[in-house]
Amino acid sequence: MKFKETILKVVKKIPKGKILTYKEVAKLAQNPRAWRLVGNILNKNRDPKIPCHRVIRSDGKIGGYKDGIKNKISLLKKEGLMIKKGKIIV
DNA sequence: CGTATGACGTGCA
DNA sequence: GTGCACGCCATAC
């Protein structure tokens, strides 16, 4: 399975109200060194069925979003999470 | 086939 | 504490 599809698959499996870091997703994808690929792939594919808004940076920051970082924050807020100064608060 | 890219991460000043 | 620069791997062109 290509890494790309694996990443998408892992992200799709993220439960509601839960978030993972790019590094964690890459690790679940069996390629902990390719965390860089997670953002790269999601950005190039940005599938609507993929809750990519649940994927954040290891620093707890939102990172970025093709539809707009504000949109990502709104989605996370709907999930029950809180964002403070662009950072996720669990 | 080779080059450039990327929603990142960590280290050091 | 903040900012800058480098490193990294796979995909896309």
Side-chain angles (χ1 to χ4, degrees):
Chain A
M1 173 117 30
K2 281 197 187 333
F3 213 47
K4 188 180 107 169
E5 296 191 40
T6 308
I7 293 292
L8 298 174
K9 189 174 174 181
V10 172
V11 175
K12 274 192 291 192
K13 286 167 111 167
I14 299 177
K16 183 176 132 191
K18 179 69 180 292
I19 55 175
L20 290 175
T21 63
Y22 291 101
K23 217 178 354 184
E24 288 294 303
V25 174
K27 187 177 182 178
L28 292 172
Q30 300 183 330
N31 285 97
R33 299 161 205 248
W35 36 267
R36 203 173 281 275
L37 278 289
V38 181
N40 193 341
I41 291 163
L42 288 175
N43 176 19
K44 287 176 178 171
N45 287 273
R46 80 167 208 288
D47 271 301
K49 292 185 189 302
I50 299 178
C52 31
H53 61 272
R54 286 182 192 154
V55 186
I56 61 169
R57 290 183 50 152
S58 303
D59 296 82
K61 288 166 80 182
I62 310 280
Y65 204 57
K66 274 304 195 179
D67 295 321
I69 187 62
K70 288 183 84 171
N71 195 281
K72 186 169 184 176
I73 293 172
S74 292
L75 290 167
L76 290 170
K77 285 175 95 170
K78 280 187 180 184
E79 299 285 313
L81 297 169
M82 283 170 69
I83 293 84
K84 190 80 170 194
K85 294 178 171 66
K87 284 171 219 145
I88 304 277
I89 300 179
V90 184

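Proteins come first, then strands; the chains are lettered A, B, ... in the order of their sequence lines, and each starts at number 1.
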Check your understanding: Counting distance only, does the side-chain N/O of A:Lys72 pair as donor-acceptor with the main-chain N or O of A:Ile62 below 3.5 Å?
Key ->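 Checked: pair present.
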Check your understanding: Ignoring hydrogens and geometry, is there a side-chain-to-backbone donor-acceptor pair from A:Asn43 to A:Gly39 under 3.5 Å?
Key ->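 No: the side chain of A:Asn43 does not pair with the backbone of A:Gly39.
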Point to revise | Min side-chain heavy-atom separation A:Lys44-A:Lys4 under 4.5 Å | key: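 Not in contact.
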Review point. Can you find a heavy atom in the side chain of A:Thr6 that is under 4.5 Å from one in the side chain of A:Gln30?
Key: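 Not in contact.
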Point to revise | Proximity to the side chain of A:Lys23 - top-ranked nucleotide from C:dC9, B:dT10, B:dC8 | key: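 The listed nucleotide nearest to A:Lys23's side chain is B:dT10.
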Linked, directly or transitively: [X] and [Y] (ILVMFWY side chains, under 4.5 Å):
X: A:Trp35; Y: A:Ile56; result: no
X: A:Leu42; Y: A:Tyr65; result: no
X: A:Ile69; Y: A:Leu81; result: yes

Just how far, in rounded Å, is [atom2] of [N] from [atom1] of [X]?
X: A:Tyr22; N: B:dG9; atom1: OH; atom2: P; value: 8 Å
X: A:Leu20; N: B:dC8; atom1: CG; atom2: P; value: 16 Å
X: A:Ile88; N: B:dC8; atom1: CD1; atom2: P; value: 14 Å

Check your understanding: Where along residues 52-79 of chain A does a heavy atom come under 4.0 Å from DNA chain C, residue by residue in number order?
Key ->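 Nucleic-acid contacts, sorted: none.
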Review point. How many angstroms lie between CG in A:Asn31 and CD1 in A:Ile7, if you round to the nearest 0.5 Å?
Key: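 The distance works out to 7.5 Å.
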Please enumerate all protein N or O atoms sitting under 3.5 Å from an N or O of nucleotides 10-13 of chain C, with distances to 0.1 Å.
from	atom 1	to	atom 2	distance (Å)
C:dT11	OP1	A:Phe3	N	3.4
C:dA12	OP1	A:Lys4	NZ	3.4

